[in-house]
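Comments concern the structure below.
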Amino acid sequence: MPNNDRTETAMIFDFEYFKREVLMMTGIDLNCYKESQMKRRIDNLISKNRIEGYDKYVMCLRTNQRKFEEFVNHITINVSEFYRDSNQWKVMEEKAIPELIQRFGRNLKVWSAACSTGDEPYSLVMAMSRHLPLANIRVNATDLDRQVIEAAKAGLYPAKSIAAVPADLKRRYFSQVGESYKISDEIKSRVDFREHNLLKDVYPIGCNMIVCRNVLIYFTEEAKDEVYHKFFKSLVSGGLLFIGGSEQIMNHKEIGYLRKNAFFYQKP
């Protein structure tokens, strides 16, 4: 076997070992993510840390808490912003939320899955506040990354993150702190954050609406299919799933969803 073939085989073996170790250390199954994208992100991080090989990186992750947290934060792809794709949030505010209130009443069970730094669950509370008193609003927000959950609880954001927030809500619910913006405690108090892994943990049931946007694009087709089936089971009849503008559920009819438009799917 030529040298380059042996090297390539060794690298594949090493990455398989690395994935097994990561699963044991973090509970994150890298097999459920698109391998080319995920491997590139990990290789870039290893190179940035000037570490040679997956085996040495595993040793680093086991012994260095800061590097371990950096790794988890890096692979969970935390890119988010308030009112991302504002035209979709306009549909949320003007149609979806009023319909859900009419169908289920004022105490909706809402789950923001893979919530990252809190931009989406806080956007949800603000959107719902157009129609409901804050006292009636409760959003359950989950993410597998403990670091981003802590950042979400702090509620401090750069100007870029809140650029798309409607002007009246920005004035009402944000205060400037230096060059950053802090979301008000009255909004923060309406969101319950907790850790949750979409690929292995038990899903909540009885949801009127689930929001999971711009996350599953990084998953394999098999993992996506599993998650969309589980979301379907989590929703009550008439409940809505809100996904990202770059996503679509190719087999939504097979699962049982009704496609309301490009980004809202309903359980009949």
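Interatomic distance, Gln176 CD to Ile162 CD1, rounded to the nearest 0.5 Å: 8.5 Å. To the nearest 0.5 Å, atoms CD1 (Ile51) and CD1 (Ile46) are separated by 7.0 Å. Rounded to the nearest 0.5 angstrom, Met92 CE and Ser86 OG are separated by 13.5 Å. Distance CG/Asn214 to OG/Ser116: 10.5 Å, rounded to 0.5 Å. Of the inter-residue distances, the one linking Leu124 atom CG with Leu108 atom CG reads 10.5 Å to the nearest 0.5 angstrom. Between Thr220 atom OG1 and Glu222 atom CD the span is 4.5 Å, to the nearest 0.5 Å.
Contact check for Val227 versus Val215: no side-chain heavy atoms found under the 4.5 Å cut-off. With a 4.5 Å cut-off on side-chain heavy atoms, Phe219 and Leu216 count as touching. Residues Trp111 and Val211 form no side-chain contact, since every pair of their non-hydrogen atoms from C-beta on lies 4.5 Å or further apart. Within the 4.5 Å cutoff, side-chain heavy atoms of Val22 are placed close to those of Phe71. Side-chain contact between Phe174 and Lys182: absent, with no pair of heavy atoms (C-beta onward) separated by less than 4.5 Å. Side-chain contact between Met209 and Leu235: absent, with no pair of heavy atoms (C-beta onward) separated by less than 4.5 Å. Taking 4.5 Å as the limit, every side-chain heavy atom of Ile249 sits out of range of all side-chain heavy atoms of Asp225. In this structure, the side chains of Phe18 and Ile42 come closer than 4.5 Å at one or more pairs of heavy atoms.
Residues Ile149 and Arg194 approach most closely at CD1-O, 3.3 Å, considering heavy atoms. Nearest approach of Leu241 to Ile243, heavy atoms of both residues: CG-CG2, 3.8 Å. Taking each heavy atom of Leu198 and Ala114 in turn, the nearest pair found is CD1-CB, 4.2 Å. In terms of heavy-atom proximity, Ile137 sits nearest to Ser129 at CD1-N, 3.6 Å. Minimum heavy-atom separation, His131 to Pro98: CE1-CG, 3.5 Å. The heavy-atom pair separating Tyr122 from Ala152 by the smallest distance is OH-O, 2.7 Å.
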Audit row: Asp143, Glu195, side-chain contact (heavy atoms from CB on, under 4.5 Å) steps and yes/no: CA-CA 5 Å; Asp143 199 278; Glu195 290 182 55; over 6 Å; no
Steps toward side-chain contact (heavy atoms from CB on, under 4.5 Å) verdict (Tyr265, Gln248): CA-CA 10 Å; Tyr265 291 79; Gln248 56 181 313; 3.9 Å; yes
side-chain contact (heavy atoms from CB on, under 4.5 Å) between Ser112 and Asn140, intermediate numbers included: CA-CA 6 Å; Ser112 176; Asn140 296 306; over 6 Å; no
Residues Glu81, Arg84; criterion salt bridge (charged side-chain N to carboxylate O under 4.0 Å, His left out); working and verdict: CA-CA 6 Å; Glu81 61 189 48; Arg84 186 174 181 179; 5.2 Å; no
side-chain contact (heavy atoms from CB on, under 4.5 Å) between Gln88 and Val91, intermediate numbers included: CA-CA 5 Å; Gln88 298 177 11; Val91 175; 5.8 Å; no
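Between the side chain of Gln266 and the backbone N or O of Leu240, no donor-acceptor pair lies under 3.5 Å. Judged purely by atom type and a 3.5 angstrom limit, Arg103 uses its side chain to pair as donor or acceptor with the backbone of Gly238. The backbone N or O of Glu186 lies less than 3.5 Å from a partner atom in the side chain of Ser189, making a donor-acceptor pair. Asn44 contributes a side-chain N or O that, together with a main-chain N or O of Arg40, makes up a donor-acceptor pair within less than 3.5 Å. The backbone N or O of Val139 lies less than 3.5 Å from no partner atom in the side chain of Arg190, so there is not a single donor-acceptor pair. Without hydrogens or angle criteria, Asn261 side chain to Phe263 main chain gives a donor-acceptor distance under 3.5 Å. With Ser123 contributing its side chain and Tyr83 its backbone, the two residues share a donor-acceptor pair below 3.5 Å. Counting only distance, with no hydrogens or angles, the side chain of Asn208 and the backbone of Lys109 share a donor-acceptor pair below 3.5 Å. With hydrogens and angles disregarded, a donor-acceptor distance shorter than 3.5 Å links the side chain of Asn49 to the backbone of Leu45. With hydrogens and angles disregarded, no donor-acceptor distance shorter than 3.5 Å links the side chain of Ser234 to the backbone of Ile205.
For Tyr257 and Phe232, the distance between ring centers is under 6.0 angstrom. Taking the six-membered ring for Trp, Phe264 and Phe242 have ring centres closer than 6.0 Å. Ring-centre distance between His252 and Tyr228: not below the 6.0 Å cut-off.
No more than 12 heavy atoms of other residues, nucleotides or ligands lie within 6.0 Å of CZ in Arg146, so this atom counts as exposed by the packing criterion. Applying the 6.0 Å contact sphere to CD of Gln65 captures more than 12 heavy atoms from other residues, nucleotides or ligands. Atom CD of Gln102 sits in a sparse spot, with 12 or fewer heavy atoms from other residues, nucleotides or ligands closer than 6.0 Å.
Cluster annotation: Val236 and Ile101 are assigned to the same hydrophobic cluster (Ile/Leu/Val/Met/Phe/Trp/Tyr, side-chain heavy-atom contacts under 4.5 Å, transitive). At a threshold of 4.5 Å between side-chain heavy atoms, the hydrophobic network of Ile, Leu, Val, Met, Phe, Trp and Tyr places Leu156 and Ile187 in two separate groups. Leu61 and Met59 end up in different hydrophobic clusters when Ile, Leu, Val, Met, Phe, Trp and Tyr side chains are linked at under 4.5 Å.
Note on residues 119-130: pairs passing salt bridge (Lys or Arg N to Asp or Glu O under 4.0 Å), not counting sequence neighbours, are Glu93-Arg130, Glu120-Arg213, Arg130-Asp168.
Summarising the hydrophobic clusters (Ile, Leu, Val, Met, Phe, Trp, Tyr; side-chain heavy atoms under 4.5 Å, direct or chained), the residues clustered with Leu258 are none.
For the side chain to side chain donor-acceptor pair (under 3.5 Å) test with Glu226, the passing option among Lys230, Lys224, His229 is Lys230; the others fail. Of the candidates Phe82, Tyr173, Tyr181, Phe82 is the only one forming a ring pair (Phe, Tyr, Trp, His ring centres under 6.0 Å) with Tyr157.
For Asp43 and Tyr54, the side-chain atoms include at least one donor-acceptor pair closer than 3.5 Å.
Taking the six-membered ring for Trp and thresholds of 30 and 60 degrees, Tyr203 and His196 have ring planes more than 60 degrees apart, a perpendicular arrangement.
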